[in-house]
Amino acid sequence: MNPKYEAAFKPFTFRSGVEIKNRITMAPMTNTAAHENGEVSDKEVAYYQERAGGVGAVITACTYVTRNGKGFPGEFGADSDSLIPSLRRVATAIQEKGSKAILQFFHGGRICPPEELLDRQPIAPSAVAAERDDAVVPREMTADEIDEIIKAFGEATRRAIEAGYDGVEIHGANTYLIQQFFSPHSNRRTDKWGGTLEKRISFPLAVVDAVKKAVSDHATKPFIIGYRLSPEERENPGITMEETLQLVDKLADQELDYLHISVGGFWNGSIRDDNDQTSRVVMIHERVGDRVPVMGVGMLRTPDEVMKAFETGVPLIALGRELIMEPQWVQKVQAGEEDKIRTTLSKKDQKELAISDKMWEYYTGIPGWLPIV
Ligand SMILES: Cc1cc2nc3c(=O)[nH]c(=O)nc-3n(C[C@H](O)[C@H](O)[C@H](O)COP(=O)(O)O)c2cc1C
């Protein structure tokens, strides 16, 4: 390996005590390949197997904690004990290759496509539709429903532990339910869950508490708890960076293993203000200091780009689309074969990359998502 890349391949020990062999992780990526009943498919397991081994940890696609939070077709579920064997298949596939397995889970809230829900009715903090084409007006959640979903995050954590995962990532990003509670756009509640910034933070913190309690009740070995967030929203009202810095201050006090900053590009500035072009990842890293490690992500393809991101002091980097295109990224860097790393996606490589037809259709269906040649 070229010595200039060595720093990325030093082991990293999380606060919980779990050690990963290097500082590069696979970002969570939905692949829409699970069965209708929430079980993973053989093709999905093969996809993880192909990408595990090099990276320190693989973070799975998001999985729903309750059936009414299913956000995508072909998403695998964590909402029932009957799905523990399915969850275990993914964890084992990743761990057998030598990476730690982190289960990402969420509830889609108002973003759930109605056709994926049994009653066709998305729920959310308030009856306010997202500002996007075809968005439906969700039903406002009752206080009991809120309590049930918080509990469901705890239950999904227990299932992840029973299925053998090394950790979980709470998906509080990308406009889904946890973010919807934090957002002044989607949360117009006047009870204890909405109103002031402090009250909008109370749902994310209640989820963190439920997950921590499940870990303390059920884990028999160190277990990672990560939290993913999106720093800003474009809408007005919408989440601003000032609000996010207050959220991360609270999260930094929760003894989490890492904060994962979900942005389109590691170096991207504000999506609300073109004049503010400081990297959101770096801003959050500087704000939390050594209170909690930050995981950065976004548009990092080559080892030189990854090293430049590490130079900011951010201790962990996740690779998303790059690992779709190049599952052997880490192995190639370690073998000094960085010139052989693919940074585009070609139909002729589909089989070798363990990308099923369904995944191919999904990945390539959104213009500009992947550089297809
Ligand atoms: C196909 C695809 C599926 C994704 N699914 C998820 C997901 O399930 N959960 C999540 O938090 N982010 C998801 N993301 C966002 C990625 O984790 C990542 O933040 C984003 O792609 C930017 O990183 P990259 O440029 O390295 O791909 C997805 C992105 C892609 C391209």
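Note that ligands are numbered from 1 as they come in the structure, with each ligand's atoms numbered from 1 the same way.
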Distance under 4.0 Å to a non-hydrogen atom of [X]: what atoms of ligand 1 satisfy this?
| X | answer |
| --- | --- |
| Tyr363 | 1 (C) |
| His171 | 9 (N), 10 (C), 11 (O) |
| Arg301 | 25 (O), 26 (O) |
| Arg321 | 21 (O), 22 (C), 24 (P), 25 (O), 26 (O), 27 (O), 31 (C) |

Salt-bridge contact Lys213-Asp217 (side-chain N to carboxylate O under 4.0 Å): yes
Heavy-atom protein contact below 4.0 Å for atom 18 (C) of ligand 1: yes
Trace of the side chain to side chain contact (heavy atoms under 4.5 Å, CB included) decision for Glu232 with Ser270: CA-CA 7 Å; Glu232 291 175 311; Ser270 176; 2.9 Å; yes
For atom 15 (C) of ligand 1, the option (of Glu75, Glu169, Arg228) bearing the nearest heavy atom: Arg228
Option set Glu322, Met299, Met29, Met359, criterion heavy-atom distance to atom 29 (C) of ligand 1, minimum: Met29
Is the closest N or O pair between [X] and ligand 1 shorter than 3.5 Å?
| X | answer |
| --- | --- |
| Tyr362 | no |
| Gln104 | yes |
| Trp369 | no |
| Leu319 | no |
| Ala27 | no |
| Cys62 | yes |
| Leu300 | no |

Part of Asn174 with heavy atoms under 4.0 Å of ligand 1, whether side chain, backbone, both or neither: side chain
Which segment of Val297 sits under 4.0 Å of ligand 1 when only heavy atoms are counted: side chain
Parallel, tilted or perpendicular: ring planes of Phe72 versus Phe106, cut at 30 and 60 degrees: parallel
Polar side-chain atom of Arg188 near backbone of Ser186 as donor-acceptor pair, under 3.5 Å: no
Identity and separation of the nearest protein heavy atom to [atom]:
| atom | value |
| --- | --- |
| atom 26 (O) of ligand 1 | Gly320 N, 2.9 Å |
| atom 14 (N) of ligand 1 | Pro28 O, 3.4 Å |
| atom 5 (N) of ligand 1 | Thr30 N, 2.8 Å |

Shared hydrophobic cluster for Leu256 and Ile317 (ILVMFWY, side-chain gaps under 4.5 Å): yes
Lys NZ or Arg CZ of Lys347 over Trp360 ring: under 6.0 Å, within 45°: yes
Do [X] and [Y] pair up side chain to side chain, a donor and an acceptor below 3.5 Å, judged on atom types alone?
| X | Y | result |
| --- | --- | --- |
| Glu233 | Ser183 | yes |
| Asp304 | Tyr5 | yes |
| Glu131 | His185 | yes |
| Glu169 | Tyr258 | yes |

Residue list, salt bridge (charged side-chain N to carboxylate O under 4.0 Å, His left out) with Glu198, at least two apart or on another chain: Lys250
Any Gly298 heavy atom less than 4.0 Å from ligand 1: yes
Neighbour count above 12 (heavy atom, 6.0 Å) for Glu36 CD: no
